[in-house]
Amino acid sequence: MNLKLKITEMQRLSVEEFRESRKLPVVVVLDNVRSLYNVGSVFRTCDAFRVEEIIICGITACPPNIEIHKTAIGAEFAVRWRYFKDTEEAVNVLRSEGCRLYSVEQCQRSILPNQAVSESKGGKVALVFGHEVKGVQQSVVDLSDGCIEIPQAGTKHSMNVSVAVGVVVWEFFKEFLPQLADKSAR
């Protein structure tokens, strides 16, 4: 029989322990994401995968915000974030910080998420996710080192931005899981 774990049995990090812990060398960039609930979900996902940072750009709302909190359930207090009015500026700053940049978008020469993991060779990566309808701005795609596309077989050929963050970041997390799971590395 499989019994569900109690919260006290899960060995979760406190906010302070999270901030001090080793992070996944991934930065999630939100390019004009309009839904505050999506923003909150992204915070929660980035907390789960111990993402280094979230970059919030343009019309994307910032914490503190009650709608973000409803889906983030406190992750907005743990995950580091910065705001940039202009996504292109954010991308240029991240490049100067040594990030390899990928837009998660359907493009002519897009690669699969696992190929991006291989290409990045364990270096720091910034993943740009776009507006729920318009996607990542073409000007940002033009500044990227490449594009990642999530293969889909349904009728819509799109998925919710917060789900896309989970799918793509998971591919990077799998690569670093042994290092992040090592309790001495916290």
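Computed from heavy atoms alone, side chains included, the values below leave out hydrogens, waters and symmetry copies. Remember, it's a predicted structure, so these values are computed and weren't measured experimentally.
- The line from OG of Ser103 to CZ of Phe129 is 9.5 Å long, rounded to the nearest 0.5 Å.
- Looking only at atom types and distance, the side chain of Asn160 has no donor-acceptor partner in the side chain of Glu132 under 3.5 Å away.
- You'll find the side chain of Val125 stays beyond 4.5 Å of the side chain of Val27, heavy atoms only.
- Linking Ile, Leu, Val, Met, Phe, Trp and Tyr residues whenever their side-chain heavy atoms come within less than 4.5 Å places Val51 and Val42 in a single cluster.
- Interatomic distance, CZ of Arg12 versus CG of Leu5, reported as 9.5 Å (0.5 Å rounding).
- More than 12 heavy atoms of other shown residues, nucleotides or ligands fall within 6.0 angstrom of atom NZ in Lys174.
- Distance CG/Asn38 to OG/Ser162: 4.5 Å, rounded to 0.5 Å.
- Using modelled atom types and a 3.5 Å distance limit, the side chains of Glu88 and Asn92 yield no donor-acceptor pair.
- Here the CD1 atom belonging to Ile68 is positioned 6.5 Å from the CD1 atom belonging to Ile56, to the nearest 0.5 angstrom.
- Side-chain N or O atoms of Gln152 include one that pairs as donor or acceptor with a backbone N or O of Ser158 at under 3.5 Å.
- Residue Phe18 is grouped with residue Val28 when hydrophobic side chains (ILVMFWY) are merged at heavy-atom distances under 4.5 angstrom, including chains of intermediate members.
- The line from CD1 of Ile55 to CG of Asp31 is 12.5 Å long, rounded to the nearest 0.5 Å.
- His69 and Glu76 share a side-chain donor-acceptor pair at under 3.5 Å.
- Shown here for Pro63 and Phe43, the closest heavy-atom pair between the two residues is CG-CZ, 3.7 Å.
- Listed for the Gln106 side chain is a donor-acceptor partner under 3.5 Å among the backbone atoms of His157.
- For the atom pair OH (Tyr102) and CD (Gln115), the distance works out to 9.5 Å, reported to the nearest 0.5 Å.
- Checking side-chain atoms of Thr45 against main-chain N and O of Val165 turns up no donor-acceptor pair under 3.5 Å.
- Among all heavy-atom pairs drawn from Glu149 and Pro113, the shortest one is O-CD, 3.5 Å.
- Using a 4.0 Å cut-off between charged side-chain N and carboxylate O, Arg82 and Glu97 make a salt bridge.
- In terms of modelled atom types and a separation under 3.5 Å, the side chain of Arg34 and the main chain of Thr60 share no donor-acceptor contact.
- Side chains of Trp170 and Phe172 form no contact here, defined as non-hydrogen atoms less than 4.5 Å apart.
- Ionic pairing of Lys124 and Glu52 is present here: one or more N-O contacts between side-chain nitrogen and carboxylate oxygen are shorter than 4.0 angstrom.
- Looking only at distances, a side-chain donor or acceptor of Lys23 sits under 3.5 Å from a matching main-chain atom of Ser21.
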